[in-house]
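First the structure, in the form of structure tokens, and then the observations on it.
Nothing here was measured: the structure is a model prediction, and the numbers come from that model. Letters go in sequence order (proteins before strands), and every chain restarts at 1.
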Amino acid sequence: MKKVVIRQIYRDFKNYENQVLEITGWARSNRAQKQFGFLMINDGSFFESIQVVYEENLENFKEIQKYRVGSALKIIGTVNLTPNAKQPFEIKAQEVILVGDCPEDYPIQPKRHTREFLREVAHLRPRTNLFSAVFRVRSLTAHAIHTFFQDRGFVYVHAPIITASDAEGAGEMFRVTTLDLHNVPKNEEKNIDYKQDFFGKSTNLTVSGQLEAEVFALAFRDVYTFGPTFRAELSNTYKHAAEFWMIEPEIAFADLLDDMNLAEDMVKFIIQYVIEKAPEEMQFFDEFVQKGLLNRLNTLLKSKFHRCDYSEAIEILKKAPKQFENKVEWGIDLASEHERYLTDEYFKAPVFVINYPKEIKAINWWIST
RNA sequence: UACUAAGUAGCUCAGUGGUAGAGCAGUUGACUGUUAAUCAAUUGGUCAUAGGUUCAAAUCCUAUCUUGGUCUCCA
């Protein structure tokens, strides 16, 4: 018996015609009728489910009719092409075996759930379309990031996660300690005595791998970090996570133009890669999460990223036929509303704003001459 | 941090002062090709919590808790 995953069959179904296969997966729906029924089976290898037809002649037909959504099943059957149906092929069952039953109160239904509800059933939400799509795309994105840099000869630097260093302009840090918080040791000046802590000094979770990457760039030339970073900002927005992954390339002997070209190429490469490798998932996002997403991404792939001097950006904003909440004048740091106007309304494309006043940037920035 | 909206059946929601509701899910049945199948029946309720107003509160008022959105911060 040939064991296959559903991704294989979908990608090559014509070559599987009339073959007897064994598939395993979880029921997404079960539409039982009097003399036959249809099971939708998802095995996690692919976004789409596969349709299995079962008929009255199966000895456990009555039981199969009652298999609930969520049940784990093993099916042996033949691949039939169905060119006139909604799906290009289906499996006609010779055997349907219940591997694991699913309780009556299984909470995931074949319908839309809110994300707030899915958070309460966190152990089951990877089985939903939304999480299936998100985490496969996330996995592909990570692979695309590595592929992009590795193909260009960059060295992947693993910056430490526990560190004693801070970074430029980063936010609040999570402390890492083995000290007993109910009985913190004090030194003679009545300050916390970090000499008794695990590392003998105050440490925290990294807010950025930048400093390590810079050090390595001065030896390996082109390097990047890609890993988790942590910030203890009390920001209640969907954009701000306490733990998030960050890419930080550092390139020696490069100028600002090299840097911008690299960033533009990277963003385009990743988008291209994901659209190509996860068309079903991206289609799902386009339809149910953000209408017009694919159109926006394809437009972005074709457009040149704009480059705009800070002073020029200020002039554009001053002339904007629009009232900003934060007043625009030379010397300010751009707020989200200003950035949104530049990208969404003025340039209608991604834009680099360069040559900021040195007063609002960190000390280690290169000064234009 | 501030502002704002919401919390009613397992889920998604309707119900703005007078008997607690629908669809889905579950259960039982019908159905010869379904596509989140359809049809019939049926189980299921501390209306977030506490207090107040009223003859009468899911509905009005106050406080608290929880969640969403926006802002701030930041990336």
Side-chain angles (χ1 to χ4, degrees), chain A residues 27-42 47-57 61-62 64-71 80-93 101-121 124-125 127-130 132 166-174 205-210 225-249 263 267 284 287-288 324-326 332-340 353 360-362:
Chain A
R28 285 289 182 87
S29 71
N30 186 0
R31 297 183 291 273
Q33 299 184 37
K34 193 179 185 184
Q35 293 166 338
F36 54 89
F38 303 94
L39 280 161
M40 293 305 287
I41 302 293
N42 189 289
F47 183 73
E48 305 287 343
S49 301
I50 202 168
Q51 173 161 290
V52 172
V53 195
Y54 57 92
E55 295 189 345
E56 215 176 8
N57 56 6
F61 177 72
K62 289 278 175 212
I64 300 171
Q65 284 182 305
K66 303 219 181 276
Y67 291 163
R68 282 181 289 263
V69 171
S71 304
N80 286 345
L81 301 191
T82 52
N84 297 322
K86 192 176 168 185
Q87 70 288 345
F89 66 95
E90 65 186 15
I91 296 213
K92 182 164 181 198
D101 196 5
C102 196
E104 280 178 22
D105 58 357
Y106 183 69
I108 307 292
Q109 295 176 31
K111 66 176 244 187
R112 241 174 149 165
H113 294 291
T114 58
R115 287 166 215 180
E116 292 74 45
F117 170 67
L118 291 176
R119 187 181 299 144
E120 290 170 22
V121 288
L124 295 171
R125 61 183 177 172
R127 293 181 171 205
T128 62
N129 282 337
L130 179 68
S132 166
D166 200 346
E168 66 174 51
E172 293 296 308
M173 297 181 290
F174 285 101
L205 293 176
T206 182
V207 291
S208 165
Q210 178 190 34
T225 71
F226 179 45
T229 44
F230 306 85
R231 300 202 181 166
E233 296 290 342
L234 279 174
S235 294
N236 302 316
T237 86
Y238 71 95
K239 292 187 226 177
H240 291 81
E243 173 178 348
F244 63 100
W245 280 55
M246 183 157 62
I247 311 161
E248 293 174 292
V267 169
F284 172 81
E287 203 169 327
F288 294 107
F324 293 110
E325 279 184 32
N326 302 284
I332 62 160
D333 206 352
L334 298 186
S336 318
E337 55 171 346
H338 304 136
E339 293 169 349
R340 260 200 303 276
V353 177
I360 56 173
K361 284 297 163 191

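For R231(A), counting side-chain heavy atoms from C-beta on, the closest listed nucleotide (A75(B), C11(B), U34(B)) is A75(B). Distances from the side chain of S336(A) to the nucleotides C11(B), G33(B), U72(B) place U72(B) closest. Of the listed nucleotides (C24(B), G33(B), U32(B)), C24(B) has the atom at the smallest distance from the side chain of K111(A). Closest to the side chain of F117(A), out of U28(B), A37(B), C11(B), is C11(B).
With sequence neighbours excluded, no residue satisfies side chain to side chain donor-acceptor pair (under 3.5 Å) with T128(A). For F244(A), there are no ring pair (Phe, Tyr, Trp, His ring centres under 6.0 Å) partners at least two apart in sequence or on another chain. Contacts of F89(A) classified as ring pair (Phe, Tyr, Trp, His ring centres under 6.0 Å), with partners at least two apart in sequence or in another chain: Y10(A), F13(A). For A263(A), the side-chain contact (heavy atoms from CB on, under 4.5 Å) test picks out F352(A), with sequence neighbours left out. Qualifying side-chain contact (heavy atoms from CB on, under 4.5 Å) partners for E56(A), counting only residues two or more places apart in sequence or in other chains: Q35(A), F61(A). Listed by chain and residue number, R68(A) satisfy the side-chain contact (heavy atoms from CB on, under 4.5 Å) test with E104(A) (two or more places apart in sequence, or in another chain). In this structure, the salt bridge (Lys or Arg N to Asp or Glu O under 4.0 Å) partners of E55(A), at least two apart in sequence or on a different chain, are K92(A). For F38(A), the ring pair (Phe, Tyr, Trp, His ring centres under 6.0 Å) criterion is met by F36(A), not counting sequence neighbours.
Atom NZ in K62(A) sits roughly 11 Å away from atom C1' in G29(B) (whole-Å rounding). Rounded to a whole Å, the CG atom of L39(A) is 16 Å from the P atom of U34(B). In this structure, Y106(A) places its OH atom 20 Å from P of C24(B), rounding to the nearest Å. In this structure, R112(A) places its CZ atom 14 Å from C1' of C13(B), rounding to the nearest Å. Residue K34(A) contributes atom NZ, which lies 12 Å from atom P of G33(B) at whole-angstrom precision. Summarising the geometry, the separation between CZ on R31(A) and C1' on A25(B) is reported as 16 Å, rounded to the nearest angstrom. As a whole-Å value, the separation of Q33(A) CD from U35(B) C1' is 11 Å. The separation between E243(A) atom CD and C74(B) atom C1' is 17 Å, rounded to whole Å.
For R340(A) and C71(B), the shortest distance from a side-chain N or O to OP1 or OP2 is below 4.0 Å. Remark: R68(A) is in phosphate contact with U27(B), judged by side-chain N or O atoms under 4.0 Å from OP1 or OP2.
The partner of U42(B) is G26(B), by the rule that a Watson-Crick or G-U pair needs both atom distances under 3.5 Å. Within the shown strands, A50(B) is the pairing partner of U62(B) under the Watson-Crick or G-U definition, both distances less than 3.5 Å. The pairing partner recorded for A2(B) is U70(B), the criterion being a Watson-Crick or G-U wobble arrangement whose two distances lie under 3.5 angstrom.
Judged by atom type and distance alone, Q109(A) does not reach the base of U12(B) through any side-chain donor-acceptor pair under 3.5 Å.
The side-chain ring of F38(A) is not stacked on the base of A37(B), judged by centre separation under 5.5 angstrom and plane angle under 30 degrees.
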What donor-acceptor contacts under 3.5 angstrom involve side-chain atoms of residues 108-118 of chain A, with partners at least two apart or in another chain?
from: R112(A); atom 1: NH2; to: F288(A); atom 2: O; distance (Å): 2.7
from: H113(A); atom 1: NE2; to: Q109(A); atom 2: N; distance (Å): 2.9
from: T114(A); atom 1: OG1; to: F117(A); atom 2: N; distance (Å): 3.2

### Message
Quick one, S29(A) with R31(A), criterion side chain to side chain donor-acceptor pair (under 3.5 Å). Give me CA distance, side-chain angles, the key distance, then yes/no.
### Response
CA-CA 7 Å; S29(A) 71; R31(A) 297 183 291 273; 3.3 Å; yes

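Considering I50(A), I91(A), I64(A) in turn, I64(A) is the only one that fulfils the side chain to side chain contact (heavy atoms under 4.5 Å, CB included) rule with L39(A).
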Could you list, one pair per line, each protein nitrogen or oxygen that sits under 3.5 Å from a nitrogen or oxygen of nucleotides 45-49 of chain B, together with the distance?
none

Identify each atom pair where a protein N or O and an N or O of nucleotides 39-43 of chain B are less than 3.5 Å apart, giving names and distance.
none

Which atoms of nucleotides 64-68 of chain B (N or O only) lie under 3.5 Å from a protein N or O atom, and what are those distances?
from: G68(B); atom 1: OP1; to: R119(A); atom 2: NH1; distance (Å): 3.2
from: G68(B); atom 1: OP1; to: R119(A); atom 2: NH2; distance (Å): 3.2

